[in-house]
Amino acid sequence: MAKAPAKTEPSQALDQGLAVGVARLTPEKIESTIRTVLKSETGARLSTYVETCIHCGLCAEACHYYLSHDNDPHYAPVGKVKQTLWEMIKQKGRVTPEFIEKAAIIAHTECNLCKRCAQYCPFGIDIAYLMLVVRRIIHKLGCTPLYIQDTAHSHSVTMNQMWVKGDEWPDTLQWQEEEAQAEFEDLRIPLDVEGAEIMYSVIAPEPKFQAQLIYQAAAIFHAAGVSWTMPSELGWDNSDMAMFTGDNEIMGRIKRAHYDAAIRLKVKRIVMGECGHAFRSVYDVGNRWLGWEMPPIPIVHAIDFYYELLKEGRIKITKKYPTPITLHDPCNVVRGGGLHEKARYVAHTLCESVVEMTPNREHNYCCAAGGGAINCGPPYKQTRISGNRIKAEQLFAAKTRGAQVLIAPCHNCHSGLHDIVHHYGVGLDIKFFGDLIYELMEKPA
Amino acid sequence: MHAVYAFVSGPLAWLAFLLFFGGICYRLVRLLWEVNRTEKFIFSYMSWKYSLRSIGRWLIPFGTANWRLHPGLTVATFTFHICLLVTPVFLLSHVVLWDEAFDVSWWTLPDGVADVMTVLVIVCCAYFLIRRLVTPEVKFVTTASDFVILAIVAAPFITGFLAYHQWFAYPVMAIAHIVSGEIMLAAIPFTRLSHMIFSPLTRAYMGSEFGKVRHARDW
C-alpha cells in the first residue's frame, strides 16, 4: 500500500543450495506446493491468525533484527509475514522463484523463531509458527539453505546432526572416559546401563568438536554420585535441525529414536546438556509430532539438573567464582521452559557477583543464532551479526556495570554470542554453567 | 424520508442484527469445527486458568511490557475500545428505541458523558489513521482494508455526533447514522473487525501454551 523505505540489506554471500533449488522451480510447482501446504497442512490456527491480525505493528519492537536495523519495518515480525506468507496467500501460490528465494532468506535467516513477538502481540498471534509454515513450504520446494539442509541430511542418514559415524560415538565416549580417569580414577561413562536413573543426551557437535563438555558432564555426574547412562547406539543425539527446516517427517524419526533409547534403557528421565533448541525439540515439538501431548518421559535441561544438584547439596562448591558474570536467558529454555529463576539460583550459588542484563528473563533478546539461523552457515554470518547489534549493546551495558564473563547455557547462544562479542569488540569471556561447576566443585579423590 | 427511515430502522436493522449475531455464531462454530477437524491438539493445551490469566493481564492498561512501551497508543486503544463498546449500548436515545420497540430498558449514560465518549472515539480513530499514515512499521503493513474498517467504525460515531447536535440536515444525518451503524454490526463477523470475537481466543491459546507448557509469562 504505502511506499516502503528501502531495506537495509546485509552483505550476502552466495548460498549454493538455495540458488540451485530456486533455479529448479517452475511456477506450477510453486503454486501447487504452496496450495497443498496451506490446504492440507494448516487449518483454523493459520487462518485465524491471518484474519485476526489488525496490522497494528505492535510486534515490531519485540524483534532484535528490527531493533538492530534502526527500526526498519522489513524486519518487524509482521513485516516479515507480509513479505512471505501474506503474499503467498493473497496470490494463491502464484509467486515467482525470486519471491521464494527472498522468502527462504527471510524465514530462515532473519527470524530465530524465538517467539518474543508472541509476547508482544496483544492478540498472542504466534508469528514464529507462521514463519515455520513458510519454512515448510520452502522445504517442500527444495530451497532450504545449503548448510542447514546438510544437517537435516545428516539427521536422516546417521540419526545425528554431524555425520558422526556409528563407531565414532562410543569411541569418543571411551576416549573422554580415559582422559577423565587420569583425574578421577574410578570414573565411568556408563554405556547402555539398563535401569539407570538418568539417560544423559547431548547434541552431536559435542562428540564432533567439543568432547571436553562430555568429560565435564561425566565429572559432574561422578562427583554427584548420579546413576546415569548414555546409549551407545541410535538416539544419543538430542539435536534437531529438521524441526527448523520444516522437515517434520525427519524430525519425527529422530525424536522417536531419542525417546526409544530412553525407554529401551528403562531410565526414569532424560537429562540433556546445555542446549536450547534440543530442549525445544524434545520437550515441546517432537513429542507433538509423534502424538504426545507432553514428552513420554520427563525431560530435564542441564540448568534444571544443576539446580537440583546444587540445591540438594549433591555437588559442593569449594569457592565462589570471583569474576562478575552476566547471564544470558536462552529463548528455548526460558521463554520455552521457564527455567530463568533456576538459572539465577545456579548463577548466584556459583558466583560472587551476578550482573543482570536488561531486558532479562522471558524478555531477553535472542542471540540471533537460534532457530537454525547459525546452521544456515557462513553465507549468513553477517546477517546474524548485523541483525543483532541490540544484543551487543545489551551485553556492553552489562559489561559497563562490571560483568566480565557471560554465561550462555545453550550451544546455539554460545556460538552466536561468540560471533557478536568478537565482531562488536564487547570483550566478554563466554562460558557454560558446566564450565563453572567443573572448575569450582569439590572433586572426589 | 419517513419511508426510508422506516426501512432502515425496521427491516434493515433486523438484517444487521441477524448478520451480527448470526455471523458471530457462524464464525465461532466454524472455527471450533475446523479446529476439531484439523488441529484437535489445540483443545488439549487449552487451560481456563492460563487463558484468563493472559487475557486479564492484557486487559489492564500498562499491565504488559508492550503496553508500557507505547503509552500513547495504550491510552488511545483502551479509551477507544471502552467508549466504542459502552456508548452505543448505554446511550439514552438507543435505550429509548429498545423500550419503544420491545418494552425493555436499562441504565443509561448522561447525555453529556455520552457526547464526550463519542468525541473520544472519533479522536482515537483520527489517532489510528495518523498512526497508520506516519509510523513506518504500521505503514509498511497497511492495506486498503485497514482504512475501510477504520472508516466503518468511525462513521456511526461521526454521524451520531452530528445527528445528536442537529447541526445540519438532521433527517439525512439520522438515517446515515443508522445505516452506518448497521454496516458496522454486519461487518464485524466478516472483516478483520472479527478480532472482537477471535482475539480473546488467540490470546487464550497463547496464554495456555505459555502457562501450561512453557512456564513463562506471555506479557
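Being a predicted model, the structure only gives us computed values, none of them experimental. Within every chain, numbering begins at 1; the chains are lettered A, B, ... in the order of the sequence lines, protein sequences first and strands thereafter.
Proximity to chain B (any heavy atom under 4.5 Å) is restricted, for A:D284, to the side chain, taken from C-beta onward. Of the two parts of B:W33, neither the backbone nor the side chain holds a non-hydrogen atom closer than 4.5 Å to a non-hydrogen atom of chain A. Residue B:W219 touches chain A through its backbone alone, counting heavy-atom pairs closer than 4.5 Å. Contact of A:Y129 with chain B is made through the side chain alone, with heavy-atom distances under 4.5 Å. Heavy atoms of A:A60 lying under 4.5 Å from chain B belong exclusively to its side chain. With a threshold of 4.5 angstrom between heavy atoms, B:R131 approaches chain A through side-chain atoms but not through N, CA, C or O. Interface remark: B:T64 contributes no atoms to any contact with chain A (heavy atom separation under 4.5 Å). Contacts between B:L69 and chain A at a heavy-atom distance below 4.5 Å involve the side chain alone, from C-beta outward. Heavy atoms of A:V334 lying under 4.5 Å from chain B belong exclusively to its backbone. Only the side chain of A:Q83 comes within contact range of chain B, with heavy atoms under 4.5 Å apart. For B:L32, no part sits under 4.5 Å from any heavy atom of chain A, backbone or side chain. Contact annotation for B:I42: only side-chain heavy atoms (C-beta onward) come within less than 4.5 Å of a heavy atom of chain A. Heavy-atom distances place no part of B:L133 under 4.5 Å from chain A, backbone and side chain included.
Relative to the six-membered ring of B:F210, A:R335 misses at least one condition, a distance below 6.0 Å or an angle of at most 45° to the axis.
Side-chain atoms of B:F140 and A:V78, non-hydrogen and from C-beta on, never get closer than 4.5 Å to each other. Side-chain contact between B:H70 and A:E61: present, with at least one pair of heavy atoms (C-beta onward) separated by less than 4.5 Å. Proximity of B:R27 to A:E51: side-chain heavy atoms (C-beta onward) are separated by under 4.5 Å at one or more points. The shortest distance between side-chain heavy atoms of A:Y49 and B:Y205 falls below 4.5 Å. Side-chain atoms of A:H74 and B:E137, non-hydrogen and from C-beta on, never get closer than 4.5 Å to each other.
Under a 3.5 Å cut-off, the side chain of A:H55 and the backbone N or O of B:T142 do not form any donor-acceptor pair. Here the side chain of B:T202 pairs a donor or acceptor atom with the backbone of A:F123 at under 3.5 angstrom. Between the side chain of B:Y45 and the main chain of A:E293, a donor-acceptor pair closer than 3.5 Å is present. Between the B:R203 side chain and the A:P122 main chain, a donor and an acceptor come within less than 3.5 Å of each other.
Taking B:V141, B:D218, B:T38, B:V35 one by one and counting their heavy-atom pairs under 4.5 Å with chain A, the maximum is reached by B:V141. Contact count versus chain A (heavy atoms, under 4.5 Å) is highest, among B:E39, B:R30, B:R37, B:E34, for B:E39. Your options are B:I197, B:L73, B:V138, B:V213, and the one with the most heavy-atom pairs under 4.5 Å with chain A is B:V213. Counting heavy-atom pairs closer than 4.5 Å to chain A, the top-ranked of the candidates B:D146, B:I55, B:L31 is B:D146.
Taken from CZ in B:R214 to NZ in A:K115, the straight-line distance is 4.5 Å, to the nearest 0.5 Å. The distance from the NE2 atom of B:H195 to the SG atom of A:C56 is 9.5 Å, given to the nearest 0.5 Å. Atom SG of A:C53 sits about 14.0 Å away from atom CZ of B:F198, to the nearest 0.5 Å. Distance OG/B:S44 to CZ/A:R288: 8.0 Å, rounded to 0.5 Å. Between B:S194 atom OG and A:I54 atom CD1 the span is 8.0 Å, to the nearest 0.5 Å.
Nearest approach of A:V50 to B:R192, heavy atoms of both residues: O-CD, 4.1 Å. B:N66 and A:L58 make their closest contact through ND2-O, 2.8 Å (heavy atoms, listed as atom of the first residue, atom of the second, distance).
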(request) Show your working on side-chain contact (heavy atoms from CB on, under 4.5 Å) between A:T48 and B:L201 and close with a plain yes or no. (result) CA-CA 10 Å; A:T48 306; B:L201 301 179; over 6 Å; no
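More than 12 heavy atoms of other residues, nucleotides or ligands shown are found within 6.0 angstrom of CZ on A:R269. Annotation: B:Y26, atom OH; neighbour count of heavy atoms from other residues, nucleotides and ligands within 6.0 Å does not exceed 12. The local environment of CH2 in B:W107 is crowded, with over 12 non-hydrogen atoms from other residues, nucleotides or ligands closer than 6.0 Å.
We find that B:E209 and A:R45 are not joined by a salt bridge, their nearest charged nitrogen and carboxylate oxygen being 4.0 Å or further apart.
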